[in-house]
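This report concerns only the one structure given below.
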Amino acid sequence: MRARLQRYPLAVFLVVTFAVTWGAWLGLAAAGARVGIGLSPIYLLGLLGPMLGALVATTVLEGRPGLRDLVVRMTRLRIHVRWWAIAVGLPLFIAGATHVVLVAYAMFLLAPLPLPSWAAFGQFTGFPITNPIVLWLLLVLVNGYGEETGWRGFLLPTLQRRYSPLVSSVVVAGIWAAWHIPAFVINVNYRAMPVAMVPMFFLGLLCGSLLLTWLYDAGRQSIALVAVWHGTFNLVSGTVAARGALSAVESTLVMTIAVVLVARELVAAQHERHGEPAHHDFTPAMH
C-alpha cells in the first residue's frame, strides 16, 4: 500500500490538506457563517490544513525517518542572522518607517492624520486577541506553521525533486491560491475586497511564494524561518492597524523582492546559456 501511495506524494498531501480546510470552511459557508474578529475554532482548524496534510503524507509515505526530518526542519533555528533579519526585521522595519513617514506627513501639513494604535495591531480576523505580542505568537503558530509546514515544508521540496525552484514556486502559488477560495465566501475581509483587487491578491500570493522559496532554500530549509516570516507579515499587513498605507507598503515590498529575484534568475539562466558563470538566487539548500 505504501509503495503504491509513494508514487503519488502530491495527491496524498493535497487530498488531506483540502479535505481539512475546505471541509471546515465549506461547512461554515453552508451554514451561512461569516468570520470576523473573534473566536472561530472551525475557521482556525481550516488554517491548519496544510500542516496536517504534511504530517499525514510524511507519516504515510516516509514513516518515522521522514517525520523526524520534518520535525527537525520545523524546529531549525540555527540559521545565519541575516535570514532572521529578513524574516522578522524587514517587515517590522518597513512598518516603523511607514509610521514615521505618516507622522512627518501630518506634521508637514499641520493637520491631524489618523494613525494606527498599538492595540489595533492585536486585531486580526478569526483571532480573539487584543495583545499584539500574543497575537504575533498565535499568527506564527497558526498561520505560520499551519500553512508553511505544508506549502514550504512538504509541497515545495517534493516539487523541487523534479522542477526548478522557480517553476516549483509558481506551482505552489497556484495551489496556495486555490486553497484560499472558500475564504472569499466566509471571511469578512475577503468578502469586502473589491473585485478589481482580487487579481492583485493572487499576484501577491505568487510574489510571496517566490520570496518564501528563496528564504526557505537559503535558510537551510528551515520551516521555522518561513513560519516566523509568515506570522510577522500577517501582523504588519493583515491586522486592523495595517489597513491602508501600511498594508500597501508591505505588499509592495514583497512584490519588489520577488521581481528582483526573478530578474536575477533570468539573467543567471541567460549567462549559463552562453557558457558564462552564473549565480542563482534560487538554490535549494542541503540538509
Side-chain angles (χ1 to χ4, degrees), residues 34-41 43-44 46-48 84-148 176 180 183-184 186-194 196-198 200-205 207-208 211-212 215 224-258:
R34 299 292 180 262
V35 179
I37 301 297
L39 183 61
S40 179
Y43 182 74
L44 297 182
L47 292 174
L48 300 177
W84 285 116
I86 292 173
V88 182
L90 187 56
L92 294 180
F93 172 79
I94 295 299
T98 302
H99 186 83
V100 169
V101 169
L102 291 175
V103 171
Y105 179 78
M107 293 178 62
F108 178 75
L109 292 180
L110 299 178
L113 185 67
L115 296 171
S117 65
W118 170 247
F121 281 101
Q123 300 175 43
F124 191 85
T125 302
F127 288 79
I129 303 297
T130 56
N131 186 299
I133 296 176
V134 175
L135 175 64
W136 175 76
L137 291 173
L138 286 175
L139 288 174
V140 170
L141 289 174
V142 179
N143 286 122
Y145 276 103
E147 293 190 45
E148 296 305 328
W176 195 10
H180 276 89
F184 282 87
I186 60 175
N187 186 304
V188 294
N189 288 336
Y190 290 172
R191 288 176 60 86
M193 189 182 301
M197 287 300 297
V198 174
M200 293 301 297
F201 173 82
F202 290 116
L203 176 61
L205 288 182
C207 293
L211 185 153
L212 286 166
L215 197 60
L225 179 68
V226 291
V228 168
W229 182 92
H230 196 139
T232 305
F233 182 79
N234 280 2
L235 181 74
V236 297
S237 68
T239 53
V240 170
R243 293 174 183 171
L246 181 53
S247 177
V249 172
E250 294 283 357
S251 298
T252 300
L253 170 69
V254 171
M255 292 181 181
T256 301
I257 294 175

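Side-chain atoms are counted along with the backbone in the values below, which use heavy atoms only and exclude waters and symmetry mates. Each residue takes its place number in the sequence, starting with 1. On a predicted model such as this, the values are computed, not experimentally measured, just so you know.
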Heavy-atom nearest pair, Thr239 first then Phe121, reads CG2-O, 3.4 Å
| said: Would Met255 and Glu250 count as a side chain to side chain contact (heavy atoms under 4.5 Å, CB included) here? Give the steps. | reply: CA-CA 9 Å; Met255 292 181 181; Glu250 294 283 357; over 6 Å; no
Output for pair (Glu148 CD, Leu212 CG), nearest 0.5 Å, gives 5.0 Å
Scanning both residues in full, the closest heavy-atom pair of Leu253 with Leu90 reads CD2-CG, 3.8 Å
(request) Give a yes or no on whether the backbone of Ser237 and the side-chain of Ser247 come within a donor-acceptor separation of less than 3.5 Å. (result) yes
His180 and Leu205 have their tightest heavy-atom pair at ND1-CD1, 3.8 Å
Shortest non-hydrogen pair, Leu215 vs Ala87, comes out as CD2-CB, 4.3 Å
### Query
How are the rings of Trp229 and Phe233 set relative to one another: parallel (under 30°), tilted (30 to 60°) or perpendicular (over 60°)?
parallel
Note: Thr232 and Pro91 closest approach over all heavy atoms is CG2-CB, 3.9 Å
With sequence neighbours left out, the residues meeting side chain to side chain contact (heavy atoms under 4.5 Å, CB included) with Phe93 are none
Rounded to the nearest 0.5 Å, the OG1 atom of Thr98 sits from the CG atom of Leu246 at a distance of 5.5 Å
Requested in this report: Check whether any side-chain heavy atom of Tyr190 lies under 4.5 Å from a side-chain heavy atom of Val198, and answer yes or no.
Outcome: no
- Message: Ring centres under 6.0 Å, that's the criterion: do Tyr145 and His230 meet it?
- Response: no
Do Val236 and Ile94 have side chains that get closer than 4.5 Å, going by heavy atoms? no
Validation row: Phe127, Leu139 side chains within 4.5 angstrom (heavy atoms): yes
Quick one, Trp136 and Asn234 - any side-chain contact, counting heavy atoms below 4.5 Å?
no
Taken to the nearest 0.5 Å, the spacing of Cys207 SG from Ile257 CD1 works out to 10.0 Å
(message) Is the distance from the ring center of Phe201 to that of Phe184 below 6.0 Å?
(response) yes
From the list Val35, Val240, Thr125, side-chain contact (heavy atoms from CB on, under 4.5 Å) partner of Asn189 resolves to Thr125
Heavy-atom closest pair (Leu235 atom, Pro132 atom, distance to 0.1 Å) is CD1-O, 4.0 Å
Between the CD atom in Gln123 and the CG atom in Asn131, the distance rounded to the nearest 0.5 Å is 12.0 Å
- Can you establish whether the number of heavy atoms outside Ile133 located under 6.0 Å from its atom CD1 is more than 12? no
